[in-house]
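Working notes, beginning with the structure itself.
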Protein chains: 2
Amino acid sequence: MKCRKCGQKASINMRQHKLALCKEHYLEWVPEQTERFIKKYNMFTHDEKILVAVSGGKDSLSLWDILARLGYQADGLYIGLGIEEGIGYSTESHRLAGKFADEHGLKLHVLDIEKEYGQPIPVLAQISHRGHGKPCAVCGLTKRHVMNRMARDLGYDVLATGHNLDDEAAVLFGNTLQWSGEYLLRQGPVLPEAPGLARKVKPLCRLYEREMASYAILRGIEYIYEECPFANGSNSIYYKELLNKLETDRPGAKLTFYLRFLEARQNGLFGRLAAGEESDQRSHLHPCPQCGQPTSTPDLCSFCRLMEKAKSETTIQ
Amino acid sequence: MKCRKCGQKASINMRQHKLALCKEHYLEWVPEQTERFIKKYNMFTHDEKILVAVSGGKDSLSLWDILARLGYQADGLYIGLGIEEGIGYSTESHRLAGKFADEHGLKLHVLDIEKEYGQPIPVLAQISHRGHGKPCAVCGLTKRHVMNRMARDLGYDVLATGHNLDDEAAVLFGNTLQWSGEYLLRQGPVLPEAPGLARKVKPLCRLYEREMASYAILRGIEYIYEECPFANGSNSIYYKELLNKLETDRPGAKLTFYLRFLEARQNGLFGRLAAGEESDQRSHLHPCPQCGQPTSTPDLCSFCRLMEKAKSETTIQ
C-alpha cells in the first residue's frame with residue numbers, strides 16, 4: 001500500500017476514506033481535517049482562548065498537540081480524579097499530561113478534586129449513592145462542573161474535549177436504541193454558550209479512534225494506554241464493540257451513522273424540537289445559588305448538593 | 001421452568017417478558033397479545049374484511065391462524081413468485097399455503113405472477129436491471145403492487161402482513177443507521193388508507209420471530225422453513241444478526257428499540273414532519289394512468305413501467 005500523496009510506503013490505510021498515507025502526510029492530514037471541522041462547525045477562531053480538557057489519553061493530548069500546531073491559543077486543564085485502583089491511573093495520567101505540557105512549552109492548569117473538594121471521585125461516588133456502585137455518574141457530573149467552572153473563572157472563550165468519532169457514535173447509538181429525544185436533540189460537535197455555561201466543542205468528532213491512536217503514536221506522544229479502570233463493562237464500551245463489528249463489515253458505517261444524523265437533524269428531521277425546544281428547555285434553568293451554574297433543580301445544583309452531602313458525611317466521621 | 005399460569009412444565013421462556021408458559025397457555029397468550037395490538041393501533045374491527053398476505057412461512061400462516069381463531073373475517077392471498085432455485089421454493093410454499101387453507105376451511109386467493117404478467121420474478125428482475133443482480137427490489141415492488149390491487153379488486157378493507165418484531169426492528173435499524181427521514185416517518189404498525197392504496201397493518205409487529213416460530217410449531221402449522229434463496233446476504237438478515245447479538249446480551253433491547261421509536265414519534269420527536277410531511281408527500285402523488293395506483297413519477301408507476309419493459313423484451317424474443 002502506497003501513500004496517495006507521495007507514493008512512499010503508507011503508514012496507515014483508512015478503508016472508510018479509501019485513503020492510505022505515509023507518516024509524514026498522515027501527520028499533516030489529521031490537523032488539516034481538524035481545522036476543516038473547526039471551521040465547518042464554527043467551533044472557534046484564532047482570536048479566542050481555548051481550554052482543552054486533558055486526561056492524559058491519546059485523544060485529548062493529540063487534540064492539544066493539533067491545536068497548538070494549528071496556531072490556536074490552547075491551554076490545558078488536567079483534573080485529578082484520584083482514581084488509582086492499584087494501577088496508579090490518575091498519578092500516571094497526570095504525569096503524562098504534565099510531561100506533554102513541559103515538552104511543548106504549553107500551559108497546563110491542574111485541579112485536584114480531593115484537594116479542592118475534600119474527597120477523590122471514588123469516595124464521592126460512595127457518598128452520593130448515584131450510579132449503581134460505579135463512580136462514572138459522579139465522575140461525569142464533577143468533570144462537567146469543574147471544566148465549566150475553570151473555563152469561566154480563568155476567562156476562556158471555549159472548552160474543547162477530545163471526543164472522537166467512536167465516542168460520539170457510541171453515545172448516539174445508545175441514545176438511538178432508547179430514542180432519548182432530549183439527548184438526540186442536543187448531541188453535536190458544538191454545544192453553544194449559555195448563561196453560566198461555556199461553549200463546548202469536539203474538534204475530533206469526525207476522526208476515528210483508530211485514527212487518533214495512529215496520530216498519537218506516529219507523532220511520538222506518550223499517553224496512558226489504559227482505559228479508566230471503572231470503564232470496564234460500561235454501555236459505551238459495549239456500543240463501541242457493536243459499532244466496530246458494523247464498521248469491520250461495512251467500512252464507513254460509523255461515520256455515515258454520525259454524519260447522516262447531524263445532516264438529518266439540520267434538515268429538520270426532528271422538526272420544531274431541534275430548533276425550539278432546546279431554548280425552551282434552557283429557559284427552565286436557573287443559576288445555582290451556590291456556584292452560579294445553571295440547573296433545573298429547584299435549589300442547589302446536583303454538584304453542589306453532592307458537595308454538601310460530602311461535607312456533612314466527612315464531618316460525622 | 002414452570003408455566004406462570006398453571007404451574008405445569010413450561011414450553012417457552014421469554015426472557016424479555018420474564019414470562020414462561022406451557023403449550024396450552026402459550027397458544028392462548030399469542031392470540032391475546034395479537035388482539036391487544038390490533039385494538040391498540042386501531043388496525044381493524046370484526047366488521048371489516050381482511051386480506052392476509054400468505055407466503056407459506058411461519059409468520060403469515062400463524063397470523064392467518066390467529067385472526068381466524070379470534071373470529072376475524074380473514075381470507076388469504078398467495079402470490080406465486082416463480083422462485084424455484086433448485087429447491088422448489090415457490091412450489092413448496094404454495095402447497096403449504098393451500099394445505100393450511102384446506103385444513104382450516106379458509107379461502108385462499110392465488111395470483112401467479114408468471115401467468116398474470118408473463119414472467120416469473122427472477123426473469124422480471126433480469127429484465128428490469130434493478131437491485132444490483134438480486135431480484136429483491138423487483139419482488140418487493142411487484143408484491144406491493146399486487147397485494148394492493150387484489151385488496152382493492154376483491155373488495156377487502158385492509159391488507160394484513162405477517163411482519164414480526166425482528167422484521168420491523170431490522171428495517172428500523174437500517175433506516176436509523178442511514179437516518180432515512182422519509183422511512184422513519186412512515187414505518188409503523190398501520191399505514192393508513194389513501195386514494196388508490198389499501199390500509200396496511202402488521203398485527204405481529206410486537207411479537208419476536210422466535211415467538212412466532214414457537215407458535216407455529218406448538219400449533220402444528222406446517223410451514224416452509226427455508227428463507228427465500230435470494231435473501232442470503234441481505235441487509236435485513238445482517239441487521240437481524242446484529243440485533244440478535246444485542247438481544248442476547250440485553251433481553252428486551254429489540255422490543256424497547258421498536259416501541260420507544262413509536263412512542264417518541266407519537267410524542268413529537270420528529271415534530272411537524274411526522275404529522276404534516278406525510279400528507280404533503282402524498283399530495284405529490286397522482287394515480288398511474290395504467291393501473292390507478294398512486295405514484296410520484298410523472299407518467300406510469302414503476303410497476304407498470306416494468307411491465308411495459310417486460311412486454312417489449314418478450315416480444316423481441
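Proteins come first, then strands; the chains are lettered A, B, ... in the order of their sequence lines, and each starts at number 1.
- Proximity to chain B among residues 168-176 of chain A is limited to A:L172, A:F173, A:T176, judged by heavy-atom separations below 4.5 angstrom.
- Per-residue heavy-atom pair counts under 4.5 Å with chain B were compared for A:K254, A:E263, A:K245, and the maximum is reached by A:K245.
- In terms of the side-chain contact (heavy atoms from CB on, under 4.5 Å) criterion, residue partners of A:T256 (sequence neighbours excluded) are, by chain and number, A:R260, B:Q178.
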side-chain contact (heavy atoms from CB on, under 4.5 Å) for B:L177 and A:L246? Distances and angles first, verdict last.
CA-CA 10 Å; B:L177 283 181; A:L246 188 68; 3.7 Å; yes
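- With a 4.5 Å cut-off on non-hydrogen atoms, B:Y238 touches chain A through its side chain but not through its backbone.
- Under the side-chain contact (heavy atoms from CB on, under 4.5 Å) criterion, B:A10 pairs with B:M1, B:A20, sequence neighbours left out.
- Using a 4.5 Å cut-off between heavy atoms, A:L184 contacts chain B through its side chain alone, with no backbone atom that close.
- Between B:W179 and A:W179, the ring-plane angle classifies as perpendicular under the 30° and 60° cut-offs.
- Here A:E182 contributes atom CD and B:L269 contributes atom CG; the two are 11.5 Å apart, rounded to the nearest 0.5 Å.
- By the 6.0 Å contact criterion, CD on A:E227 is open, its count of non-hydrogen atoms from other residues, nucleotides or ligands being 12 or less.
- By the 6.0 Å contact criterion, CD on A:Q266 is open, its count of non-hydrogen atoms from other residues, nucleotides or ligands being 12 or less.
- Every residue two or more places apart in sequence or in another chain was checked for a ring-ring contact (aromatic ring centres under 6.0 Å, His included) with A:H163, and none qualifies.
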